[in-house]
Amino acid sequence: MGYDSKERQRQYNKDWHNGPAGRKSYLKRFYKLTPEQYDEMLAAQAGGCAICGGHEEKFKYLCVDHKHDETKRVRGLLCHRCNKAIGAFE
């Protein structure tokens, strides 16, 4: 089942703000990531955005950067600002 961007954003908001259980569900459903894999990626990036290096506590959370094709391959974690900038470049 595919999601359009508005539906996906609504589901993201609902899941992410539902605490740890919601975030775990969201990471698993959309990115096939476990919380442990997310934490490993975060540690590998020194706790910050893969582009600007800003730390998670400054931005509240980091976005999962992924390819927007059939693979949906996860590339890293980005702050909201860098994620939006990458999205604007398509």
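Along the sequence shown, the residues carry numbers beginning at 1.
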task = Give the minimum heavy-atom separation between Val74 and Met41, together with the two atoms involved.
result = CG1-CE, 3.5 Å
key: Shortest non-hydrogen contact between Leu42 and Gly48, atoms and distance   = CD1-N, 4.1 Å
Partners passing side-chain hydrogen bond (donor to acceptor under 3.5 Å, both in side chains) against Asn83 (at least two apart in sequence or in another chain) =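 If we apply the side-chain hydrogen bond (donor to acceptor under 3.5 Å, both in side chains) test to Asn83, skipping adjacent residues, there are no hits.
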inquiry  = Please enumerate all residues that pass side-chain hydrogen bond (donor to acceptor under 3.5 Å, both in side chains) together with Arg73, with sequence neighbours excluded.
reply    =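 Residues passing side-chain hydrogen bond (donor to acceptor under 3.5 Å, both in side chains) with Arg73: none at all.
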query = Would Leu27 and Val64 count as a side-chain contact (heavy atoms from CB on, under 4.5 Å) if you check the C-alpha gap in whole Å, the side-chain angles of each, and the deciding distance to 0.1 Å?
reply = CA-CA 9 Å; Leu27 290 170; Val64 177; 3.8 Å; yes
task = Give a yes or no answer on whether the side chain of Gln45 reaches the backbone of Leu77 with a donor-acceptor pair at less than 3.5 Å.
result = yes
Interatomic distance, Cys79 atom SG to Asp65 atom CG [nearest 0.5 angstrom] =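 Going from the SG atom of Cys79 to the CG atom of Asp65 covers 11.0 Å.
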query = How long is the span from the SG atom in Cys63 to the CG atom in Leu78, to the nearest 0.5 Å?
reply = 7.0 Å
ask   = How far apart are the C-alpha atoms of His80 and Leu62, what are their side-chain angles, what is the distance that settles it, and do they pass the side-chain contact (heavy atoms from CB on, under 4.5 Å) test?
value = CA-CA 7 Å; His80 184 69; Leu62 294 175; over 6 Å; no
inquiry  = Please enumerate all residues that pass side-chain contact (heavy atoms from CB on, under 4.5 Å) together with Gln37, with sequence neighbours excluded.
reply    =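 Gln37 satisfies side-chain contact (heavy atoms from CB on, under 4.5 Å) with Leu33, Thr34 only.
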request  = Please examine the side chains of His66 and Arg75, heavy atoms only from C-beta on, and report whether any two atoms are closer than 4.5 Å.
outcome  =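 Contact flag for Arg75/His66 side chains = no.
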